Asks: 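Quick one: the structure is below, questions incoming.
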2 protein chains.
Amino acid sequence: MESQDLRKAGLKVTLPRVKILEILESGKTRHFSAEDVYKQLLEAGEEIGLATVYRVLTQFETAGLVTRHHFDTGHSVFEMNLGNHHDHIVCVRCGRVDEFIDETIEKLQHEISEKAGYKMTDHCLYIYGVCQDCQKSE
Amino acid sequence: MESQDLRKAGLKVTLPRVKILEILESGKTRHFSAEDVYKQLLEAGEEIGLATVYRVLTQFETAGLVTRHHFDTGHSVFEMNLGNHHDHIVCVRCGRVDEFIDETIEKLQHEISEKAGYKMTDHCLYIYGVCQDCQKSE
DNA sequence: AATAAGAATGAGAAGCTTTTTCATTTATAT
DNA sequence: ATATAAATGAAAAAGCTTCTCATTCTTATT
Ligand SMILES: [Mn+2]
Ligand SMILES: [Mn+2]
Ligand SMILES: [Zn+2]
Ligand SMILES: [Zn+2]
């Protein structure tokens, strides 16, 4: 139930927030730009402004409900935060996004931070490449 | 000699390109936004337009002279390409940037790409954290 | 050294993503 | 039901980057 998630996050239960949460949880894909979300709202006949989409996504991020990524596409990408940290491999041809996690890399990152004298707050690893499908249709 | 580098890259030797190359090579810092470069040009009394700075930096990137990074600051950051791939650790407080390379991580990235069926073209690892200085002045 | 041809530049306009403003609407507590 | 504060939509504006186009400069050729 989306309303519970919102209340738990300290956010009032409003139609835009519920609808956006539904889309993010819909599961067709996991990674959305603000524009992606906005388009899906339009398709669903919801009259929710783009400014609200940006506002709500940022609030969700602050509340820890979603994670924001900076793929090198020029815009932010959001996904539900399921508590499972992972990294991304992005197809530079078709935009497909796959996820992975490597414990060895995770551990090494901590060591590197310490060695450099940093207190690590976050990290992200992006691998860019050409996915299997795009290699075929070359 | 900057003119040689430019000619080798197939670019005509123009004052903006020489001056920008000088700044990038100056060595005070290694990571510059377009705005950073533009400001240094102004300070040096050069009347070079911001549009030219962007144009030239992109040309340098295409020519392989510089590398472009997408820290999550909302703007591109450029540095001379010295042929030594490395990753970055960025202070979220003061913007300081340190560099590192970890061969184990590099190797693991290749393995991950293969496993996922991707032909890797590029990768970047950003660690965000609070640097030593910023931890003190808390 | 002068010339011609094409490339590069600067200024400003415009593009794109994102944020802000503000009048209006809505959620929530009473 | 009412009051209060928060949220929303529309439009404007901000911030970074690219584009347009008239002018200037580089380079190759006389
Ligand atoms: Mn993901
Ligand atoms: Mn670097
Ligand atoms: Zn692909
Ligand atoms: Zn710092």
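Numbers restart at 1 for each chain; the letters A, B, ... are given by sequence-line order, proteins then strands. Not measured: the values here are computed from a predicted model.
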Asks: Take the C1' atoms of the five end pairs on each side of the helix from C/dA1-D/dT30 to C/dT30-D/dA1, get both axes, and report the angle to 10 degrees.
Replies: 30°
Asks: Who are the salt bridge (Lys or Arg N to Asp or Glu O under 4.0 Å) partners of B/Glu46, not counting sequence neighbours?
Replies: B/Lys19
Asks: Using a 4.0 Å heavy-atom cut-off, does A/Ser76 contact any base of the nucleic acid, only the sugar-phosphate backbone, or nothing at all?
Replies: sugar-phosphate
Asks: Is any side-chain N or O of B/Tyr54 closer than 4.0 Å to OP1 or OP2 of D/dT17?
Replies: yes
Asks: Who passes salt bridge (Lys or Arg N to Asp or Glu O under 4.0 Å) against B/Arg7, sequence neighbours left out?
Replies: none
Asks: Please state how far atom CG in B/Asp36 lies from atom P in D/dC16, giving the value in whole angstrom units.
Replies: 11 Å
Asks: What is the separation between atom CZ on A/Phe32 and atom P on C/dT18, rounded to the nearest whole Å?
Replies: 16 Å
Asks: Are the side chain of B/Tyr126 and the backbone of B/His70 linked by a donor-acceptor contact shorter than 3.5 Å?
Replies: yes
Asks: Between B/Leu6 (CG) and D/dC25 (P), how many Å, whole number?
Replies: 18 Å
Asks: Side chain of A/Tyr128, backbone of A/Asp72: donor and acceptor closer than 3.5 Å?
Replies: yes
Asks: Please list, chain by chain and in numerical order, all residues satisfying salt bridge (Lys or Arg N to Asp or Glu O under 4.0 Å) with B/Glu2, sequence neighbours excluded.
Replies: none
Asks: Give the rounded distance in Å between these two atoms: CG of B/Leu41 and P of C/dA11.
Replies: 13 Å
Asks: Tell me the interatomic distance from B/His70, atom NE2, to D/dG15, atom P, rounded to whole angstroms.
Replies: 20 Å
Asks: Check the distance between D/dA28's C1' and B/Arg7's CZ and give it to me in whole angstrom.
Replies: 13 Å
Asks: Are the side chain of A/Arg93 and the backbone of A/Cys131 linked by a donor-acceptor contact shorter than 3.5 Å?
Replies: no
Asks: Where is the tightest heavy-atom contact between B/Gln109 and B/Met120, given as atom of each residue plus distance?
Replies: O-SD, 4.3 Å
Asks: Can you tell me if NE2 on A/His75 sees more than 12 non-hydrogen neighbours from other groups inside 6.0 Å?
Replies: yes
Asks: Identify, between B/Ala34 and B/Val13, the residue whose nearest nucleotide on DNA chain D lies closer to the 5' end.
Replies: B/Ala34
Asks: Among residues at least two apart in sequence or on other chains, which ones pass salt bridge (Lys or Arg N to Asp or Glu O under 4.0 Å) with A/Arg96?
Replies: A/Asp98
Asks: Determine, for nucleotides 3-9 of chain D in 5'-to-3' order, which nucleotides have protein heavy atoms under 4.0 Å from the base (write B), from only the sugar-phosphate (write S), or from neither (write -).
Replies: ---SSBB
Asks: Distance check needed: C/dA8 C1' versus B/Ile20 CD1, whole Å only.
Replies: 12 Å
Asks: Measure the distance from CD on B/Glu35 to C1' on D/dA14 and round it to the nearest whole Å.
Replies: 14 Å
